[in-house]
2 protein chains.
Amino acid sequence: MTSQQDLLDTLAQVARALGNGHRLALLERLAQGDAAVETLAVTTGLTVGNASQHLQQLRRAGLVTATRAGKQMIYRLTDERIVSLMGLMRQVAESNLAEMERLVGRLFAEDDAGGSLEAVSRHELLAGLESGKVVLLDVRPTDEFESGHLPEAINIPLAQLEEMLDRLPHDREIIAYCRGPYCALSHEAVQRLRQLGYRVRRFEEGYPEWKAAGLPVT
Amino acid sequence: MTSQQDLLDTLAQVARALGNGHRLALLERLAQGDAAVETLAVTTGLTVGNASQHLQQLRRAGLVTATRAGKQMIYRLTDERIVSLMGLMRQVAESNLAEMERLVGRLFAEDDAGGSLEAVSRHELLAGLESGKVVLLDVRPTDEFESGHLPEAINIPLAQLEEMLDRLPHDREIIAYCRGPYCALSHEAVQRLRQLGYRVRRFEEGYPEWKAAGLPVT
DNA sequence: CTGTCATTCTATGAAGTGATAGAATGATGG
DNA sequence: CCATCATTCTATCACTTCATAGAATGACAG
């Protein structure tokens, strides 16, 4: 009877490790690929010291592991399932919390004035790639692209979008993706490319979800 | 950019709601069936006041809903997926946390002296039921059994096990189940029934997992 | 419309969490 | 073996969470 509750308490520790926005941001970044503390601190906007502390907590909860590489500590997710776990939590939150719906709405509302910006589902994307009729565009920073991306994706970081337009065809539909459903990069890219006359839509998921689903990555 | 972090903060609230052993216990009890505050307080060993507070938090996180029924407030899980969420968290914790492994080991070790107590998988159970060669035994308290159980299960609450033995056949294999993988009831039942000469094994999951998988319940 | 029962609210103190700054550690390159 | 860089550890303060006890609310039965 007592060890029953001990188990739940231990499980609760894991949940508590997930119970902080900054730590979730760290996990989301780690889902893009392994990274050192400073990289993680920069992309999440934390100080190095603070990021380190949060990473310790994630480590104690068994969610990340760290290995030393020279002066740096490289952190990685222990488990592909952590991506699924966050995804499931997201789904539950989205369908049960009004606040969540409001925030998601706000994220998507800005650019949906023109309508017809529905995101492309995984199924639809697979079909499009199969048929060869679409071009896949990865708008994440180059380092994230290089540590893993969808097959045959072209990488144009959002910051260099206008400079590298020559790599995009005008005559095929473009599907843009980035870090995940809450990542703003692909939204932004779609908006800007549409203004330039491209036929482009957004993939509703991102690289981590694709990988966690067991689909091929490069 | 900012609403990106707001989303993660909101998501973190949900995780924080899961980040307490007592609240997980409440959710596990609710996975057995809807219940009033006092029932929940009794089965989790909390005072009514404290249970009520925890339930408020779960409600704010969108994990449970409450409806009034006369003097009582009946709480229920908002979503079948919450069972999956806890299950996934459990899996991640079990494979990445040494402490978790230790506790699970302890829960199972006591009665495994004789060996051969491997639990029955869902697949195996389905096959056994199909063939009609096994009898399914639900050892949870009657009120939980009545708010839902596996098809064709016989209910003998653990407390009345010896009194109601006449309902169990000697010539067929018995498969016992209870609230879930961490629930001790079916372990205990298996141990005691074996001593009495029954051929009996434990189902490795419980009622909530069965139901969450979309399998038929009564 | 009063008493009772189930539940929620409020106030309190103890314990835990999060951010900051600065000291300490560990690896590396001269 | 000293200087540097990346990271972790430590101490501190503000803030949140948890359990408890007792008051307040809301529904119902007489």
Side-chain angles (χ1 to χ4, degrees), chain A residues 2 5-6 8-27 29-30 33-61 63-76 99 143, chain B residues 2 5-6 8-27 29-30 33-61 63-76 99 143:
Chain A
T2 172
Q5 190 60 51
D6 288 351
L8 293 178
D9 287 344
T10 308
L11 208 51
Q13 286 177 22
V14 177
R16 260 204 306 279
L18 295 168
N20 176 288
H22 293 314
R23 284 196 291 274
L24 291 179
L26 287 166
L27 290 173
R29 173 59 186 79
L30 285 170
D34 310 345
V37 179
E38 198 181 351
T39 313
L40 292 166
V42 170
T43 54
T44 54
L46 297 170
T47 64
V48 171
N50 197 3
S52 173
Q53 300 231 65
H54 282 301
L55 288 166
Q56 302 306 313
Q57 289 194 50
L58 292 172
R59 194 148 67 151
R60 262 176 262 132
L63 298 173
V64 307
T65 54
T67 50
R68 195 170 260 290
K71 293 189 210 170
Q72 302 189 111
M73 272 313 240
I74 305 297
Y75 280 84
R76 61 172 51 79
E99 173 69 1
D143 62 321
Chain B
T2 172
Q5 191 58 50
D6 288 351
L8 292 178
D9 288 344
T10 309
L11 209 50
Q13 285 177 22
V14 177
R16 261 203 305 280
L18 295 168
N20 175 287
H22 294 312
R23 283 195 292 273
L24 291 179
L26 287 167
L27 290 173
R29 172 60 186 81
L30 285 170
D34 310 345
V37 178
E38 197 181 352
T39 313
L40 291 166
V42 170
T43 54
T44 54
L46 297 169
T47 63
V48 171
N50 198 3
S52 173
Q53 299 232 63
H54 282 303
L55 289 165
Q56 302 306 316
Q57 289 194 49
L58 291 171
R59 196 150 63 152
R60 262 175 264 133
L63 298 172
V64 307
T65 54
T67 50
R68 196 171 259 289
K71 292 187 208 173
Q72 302 190 107
M73 273 312 242
I74 306 297
Y75 279 84
R76 60 174 51 82
E99 171 70 2
D143 62 321

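It should be emphasised that the depicted structure is a prediction, and the values quoted were computed from it without experimental measurement. The figures here come from the full heavy-atom set of this structure, side chains too, leaving out hydrogens, waters and symmetry mates. Lettering of chains follows the sequences in order, A, B, ..., and the numbering in each one begins at 1.
Between the CE atom of B:Met73 and the C1' atom of C:dC5 there is a distance of 15 Å, given to the nearest Å. C:dG22 atom P lies 15 Å from atom CG of A:Asn50, rounded to whole Å. To the nearest angstrom, P of D:dT17 lies 12 Å from NE2 of B:His54. In this structure, B:Leu40 places its CG atom 12 Å from C1' of C:dT7, rounding to the nearest Å. As rounded to whole Å, 12 Å separates atom P of C:dT7 from atom CD of B:Gln56. Atom pair A:Glu38:CD and D:dT8:C1' shows a separation of 14 Å (rounding to whole Å applied). Atom-to-atom, CZ of A:Arg23 to P of C:dA19 comes out at 8 Å; the value is rounded to the nearest Å. C:dT8 atom C1' lies 12 Å from atom CZ of B:Arg60, rounded to whole Å.
For A:Arg59 and A:Gln56, the side-chain atoms include at least one donor-acceptor pair closer than 3.5 Å. Using modelled atom types, one finds no donor on one side chain facing an acceptor on the other under 3.5 Å when comparing A:Gln57 with A:Arg60.
Both B:Leu55 and B:Arg16 sit near DNA chain C, but only B:Leu55 has its closest nucleotide nearer the 5' end. Remark on DNA chain C: of its neighbouring residues A:Gly70 and A:Leu46, the 5'-side contact belongs to A:Leu46, judged by nearest-heavy-atom nucleotide.
On a pure distance criterion of 3.5 Å, no polar donor-acceptor pair joins the side chain of A:Gln72 and the base of C:dT28. Side-chain to base pairing of A:Gln53 with C:dT20: one donor and one acceptor N or O lie within less than 3.5 Å of each other.
Which of D:dT4, D:dT7, C:dA6 sits closest to the side chain of B:Lys71 comes down to C:dA6. Which of D:dT20, D:dA19, C:dT8 sits closest to the side chain of B:His22 comes down to D:dA19. Listed candidates were D:dA27, C:dT7, C:dT20. Nearest to the side chain of B:Arg68 is D:dA27.
Here the side chain of A:Ser52 pairs no donor or acceptor atom with the backbone of A:Val48 at under 3.5 angstrom. Here the side chain of A:Arg29 pairs no donor or acceptor atom with the backbone of A:Ala41 at under 3.5 angstrom.
Between B:Tyr75 and C:dA6, a side-chain N or O to OP1/OP2 separation shorter than 4.0 Å is absent.
Closest of all the heavy-atom pairs between A:Arg23 and A:His54 is NH1-ND1, 3.1 Å.
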